[in-house]
Number of protein chains: 2
Amino acid sequence: MTWCRYSFGGSVISKRSTIVDVANLAGVSIKTVSRALNDAPHVSADARERVKAAAAELDYHPNIAAQSLIARRSFLIGLTYERPSPSYVVELQNGALLRLEDSRYRLVVLPFRDIAKRPVEFGRLLMRAGLDGIVLAPPACDQDDLLDMLDRQKLPYARITPHLNMDRGIVMAMDEVAAGQAVASHLLALGHRRIGIIMGDPLHAASAARMEGYRRAFAEAGATIDGNLIVTGDFTFDVGHAVARELLRRTPQPTAILAQNDDMAVAAIAAVRDCGLSVPEDVSVAGFDDSEVARTAWPQLTTIRQPVLQMSWDATDRLITSLETDPESLDENALSYFGRGDHPHELVVRGSTAPPSA
Amino acid sequence: MTWCRYSFGGSVISKRSTIVDVANLAGVSIKTVSRALNDAPHVSADARERVKAAAAELDYHPNIAAQSLIARRSFLIGLTYERPSPSYVVELQNGALLRLEDSRYRLVVLPFRDIAKRPVEFGRLLMRAGLDGIVLAPPACDQDDLLDMLDRQKLPYARITPHLNMDRGIVMAMDEVAAGQAVASHLLALGHRRIGIIMGDPLHAASAARMEGYRRAFAEAGATIDGNLIVTGDFTFDVGHAVARELLRRTPQPTAILAQNDDMAVAAIAAVRDCGLSVPEDVSVAGFDDSEVARTAWPQLTTIRQPVLQMSWDATDRLITSLETDPESLDENALSYFGRGDHPHELVVRGSTAPPSA
DNA sequence: CCCACATATGACAACGTTTACCGTCGTCCT
DNA sequence: AGGACGACGGTAAACGTTGTCATATGTGGG
């Protein structure tokens, strides 16, 4: 094999070039190189030109560790989440990445299992990552002791759809109660009354919030939730599939299913078909999130659109902006920008829901 | 809002503690602190104890930039890919993350659009990321000029399922021709002859390789591929959906569809149903990858299992190992380990394929 | 008692940048 | 002619850690 580290000619080992080499080649001082490459003032157009040419010639790239050391910044932003669906994760990442594009910051992904159960271990992981700031997706965003540790360590954070302590850090919020109410109302308006509910992971605060929305919708429609038709999943397809099958065996069999995310809704569709029934003719199914599976499922899912990418972009934007802002020059406007951002949800009606057949 | 950077008491601004603070508190020199925390020798048990206590007391975490500067390593591994399906990306990431867990290395994700068309821009992005090594997924792994640049910059890389220049860098390979042949043979063995083919992105070398496998299967079965039943997608659901509909309008209508990845296979299932037909009764559909959608689809997809997570783990493992290995102490065994790893594929037969109806 | 030796510890330099301070030279303005 | 200003270079310090080397301390053998 040919491998770069061992493919040296054998005699001369060429180092990576430093700022000194560039300075020599361009015939200027290292300070001038620094200024020229950073587009700082006090450099003539001519010198700037020569420096950039020399840098290109030598394939020079500044040593980021050295820059970080002096700037007291790592230019690393973390993104943390836990065992969620692939399409949610990717959207989350893409939002952050989109914002970081063309900036000096890089994105470090830090998924973690059982954040709620191992907060100390997770905190250590975070600190060892040497981040400038971190974006917390559920359920980490609601982990009180984690926030405490971040505050202690002075590590700025942005939270995506938290439900508790809404005044801590940068917050991207969505009214999940209203959203839950909207999707439940949709099924009720179609005439459904025997509605099965597939809860998400109880450790996520979102599960309770969405449930509260369902409750309000039922109350508003003068209907009651049948406790016998509630099952608990964990936001994954597999568990969702298992509990959906269980749900369909109960009597009276539901004519519709409310799943607390799209993955479990798709699992519910599969379970319905496993029983030899059709969606939406025999059983309607609605999800939550409007992640990619909602569109690739057949029939396409009725669901709640959650602007994950937008929230992630915004969270990252405010995080970066706060890092770049001089604490001295803060006025009230800036402070409020670094506070809370609210995002709209939207009920998306597609083919997976219809009036009950009988 | 309460935000850590501005929530100082107002008078005393507490800095993050450094090694000096720990040294003072423990009553030893900074050198001893360094040795104690790194579990290096030449430190008495007593001193080590005091240092660790002091470090814990002060919430001390070493500055990674300083460590990187002197170690000439950033402890960052990059992962690059392009607009692929969420489940593929997540599996790729998880493989790398699994290997990096409990190591000092962190994972930086570097997706990029149109790598083939903007190699220089992408190269700059890579260099600016200050990585120690990089894992290249398709199609970047087959980008010759990119590999040249990485060699020039002495940045070690590992390639996942490349198809060209198999002797460059660390390679995790899979026989995609044989895999293509296996899935095509499966349909042919069921009795299908009018088989539609949905190609992947022509810029990915995998597309041609899989197609070559299909060709061999047809030749082996004494059948010929109908050029009229070949359409080209780009591995995404949306385009796959559009071209699958087109495919189904052609005459004679295919009785089976070979899609070059699972996302497009799921899109084909949707297209078949859009025509009022059923899978697999009227049209069989087979995919490639065995990504998560293959199991969450209904019926579940017949596909080729590609051990993406395993390949990603292995690629990362060899990359890290090569970084940690002293170039001097390399023997032949080590060198061959840093070369190529071959991974098996597997035909997974599920509900989306059946014999033709008529 | 002194020498050899191991182990503990500290002083100092190094890593590659940016920044601060000071000084020189030229140019343009009045 | 005098002064203000911009473009540099020189020198040195700073960022926070680890590597090198010399020194201090203790231990046992002769």
Side-chain angles (χ1 to χ4, degrees), chain A residues 14-52 54-55 58-76 104 127-132 153-154 324 326, chain B residues 15-52 54-55 58-76 104 127-128 130-132 153-154 324 326:
Chain A
S14 67
K15 293 187 340 186
R16 227 176 257 193
S17 46
T18 81
I19 197 170
V20 180
D21 305 321
V22 179
N24 289 341
L25 184 58
V28 297
S29 72
I30 58 173
K31 261 188 328 229
T32 306
V33 174
S34 173
R35 278 198 277 252
L37 293 180
N38 293 326
D39 290 318
H42 302 302
V43 182
S44 64
D46 172 59
R48 200 180 295 275
E49 196 75 14
R50 265 181 305 140
V51 168
K52 293 203 169 175
L58 294 172
D59 262 339
Y60 167 74
H61 297 270
N63 182 315
I64 298 183
Q67 291 182 322
S68 297
L69 184 56
I70 193 149
R72 292 131 180 267
R73 301 225 194 129
S74 62
F75 301 107
L76 291 175
R104 314 179 58 174
M127 293 318 304
R128 287 195 47 175
L131 307 169
D132 284 348
Q153 294 286 342
K154 315 235 174 297
E324 309 266 281
D326 180 10
Chain B
K15 292 187 342 184
R16 226 176 257 193
S17 47
T18 79
I19 197 170
V20 180
D21 306 322
V22 180
N24 289 340
L25 183 57
V28 296
S29 73
I30 59 172
K31 185 65 240 181
T32 305
V33 174
S34 171
R35 278 196 276 250
L37 294 180
N38 293 326
D39 288 318
H42 304 301
V43 182
S44 64
D46 172 58
R48 197 181 297 276
E49 197 74 14
R50 266 182 303 141
V51 168
K52 292 203 170 176
L58 293 173
D59 260 341
Y60 167 74
H61 298 270
N63 181 313
I64 299 183
Q67 291 181 322
S68 297
L69 184 57
I70 192 150
R72 290 129 182 268
R73 299 223 194 129
S74 62
F75 301 106
L76 291 175
R104 315 178 58 172
M127 292 319 301
R128 285 194 50 174
L131 308 169
D132 283 347
Q153 294 285 343
K154 315 231 175 298
E324 308 266 279
D326 179 11

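Since this is a predicted model, take the numbers as computed values, not measurements. Sequence lines set the chain letters: A, B, ... in the order given, protein chains first and strands last, and positions in each chain run from 1.
Within the 4.5 Å cutoff, no side-chain heavy atoms of A:Val28 are placed close to those of A:Val43. Residues A:Arg72 and B:Arg16 have side chains not in contact (no heavy-atom distance under 4.5 Å, counting atoms from C-beta outward).
Note: CZ (A:Arg104) to C1' (C:dT18) measures 11 Å, nearest angstrom. In this structure, A:Asn63 places its CG atom 14 Å from C1' of D:dT17, rounding to the nearest Å. Put simply, CD1 on A:Ile19 is 11 Å from P on C:dT19, counting in whole angstrom units. For B:Leu58 and D:dG16, the CG to C1' distance is 15 Å, given to the nearest whole Å. Atom CZ of B:Phe75 and atom P of D:dT17 are 14 Å apart (whole Å). Across the protein-nucleic acid pair, B:Leu37 atom CG and D:dG16 atom C1' stand 13 Å apart, rounded to whole Å.
In plain terms, the two heavy atoms of A:Val51 and A:Ala26 that are nearest each other are CA-CB, 4.0 Å. When all heavy atoms are compared, the tightest approach of B:Ala55 to B:Val22 is N-CG1, 4.0 Å. Across every non-hydrogen atom of A:Gly130 and A:Leu76, the tightest pair is O-CD1, 4.2 Å.
One finds no side-chain N or O of A:Tyr60 lying less than 4.0 angstrom from the OP1 or OP2 phosphate oxygen of C:dG16. Here A:Asn38 reaches the OP1 or OP2 of C:dT18: one of its side-chain N or O atoms lies under 4.0 Å away. The shortest distance between the side-chain N/O atoms of B:Thr18 and the OP1/OP2 oxygens of D:dG16 is not below 4.0 Å. For D:dT18, one of the phosphate oxygens OP1 or OP2 lies less than 4.0 angstrom from a side-chain nitrogen or oxygen of B:Gln67.
Using modelled atom types, one side-chain atom of B:Asp21 and one backbone atom of B:Thr18 make a donor-acceptor pair closer than 3.5 Å.
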Could you list all N or O pairs between the protein and nucleotides 6-9 of chain C that sit under 3.5 Å apart?
from: C:dT9; atom 1: OP2; to: B:Ser44; atom 2: N; distance (Å): 3.3
from: C:dT9; atom 1: OP2; to: B:Ser44; atom 2: OG; distance (Å): 3.4

Distances under 3.5 Å only, N/O to N/O: pair up the protein atoms with those of nucleotides 11-14 of chain D.
from: D:dT11; atom 1: O4; to: A:Lys31; atom 2: NZ; distance (Å): 3.3

Validation: residues 30-41 of chain A side-chain donor-acceptor distances under 3.5 Å, sequence neighbours left out:
from: A:Thr32; atom 1: OG1; to: A:Ser29; atom 2: OG; distance (Å): 3.0
from: A:Asn38; atom 1: ND2; to: A:Ser34; atom 2: O; distance (Å): 3.1
from: A:Asp39; atom 1: OD1; to: A:Lys52; atom 2: NZ; distance (Å): 3.3

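Interatomic distance, CG of B:Asn63 versus OG of A:Ser68, reported as 8.5 Å (0.5 Å rounding).
A salt bridge links B:Glu324 to B:Arg73: one of the charged nitrogens lies within less than 4.0 Å of a carboxylate oxygen.
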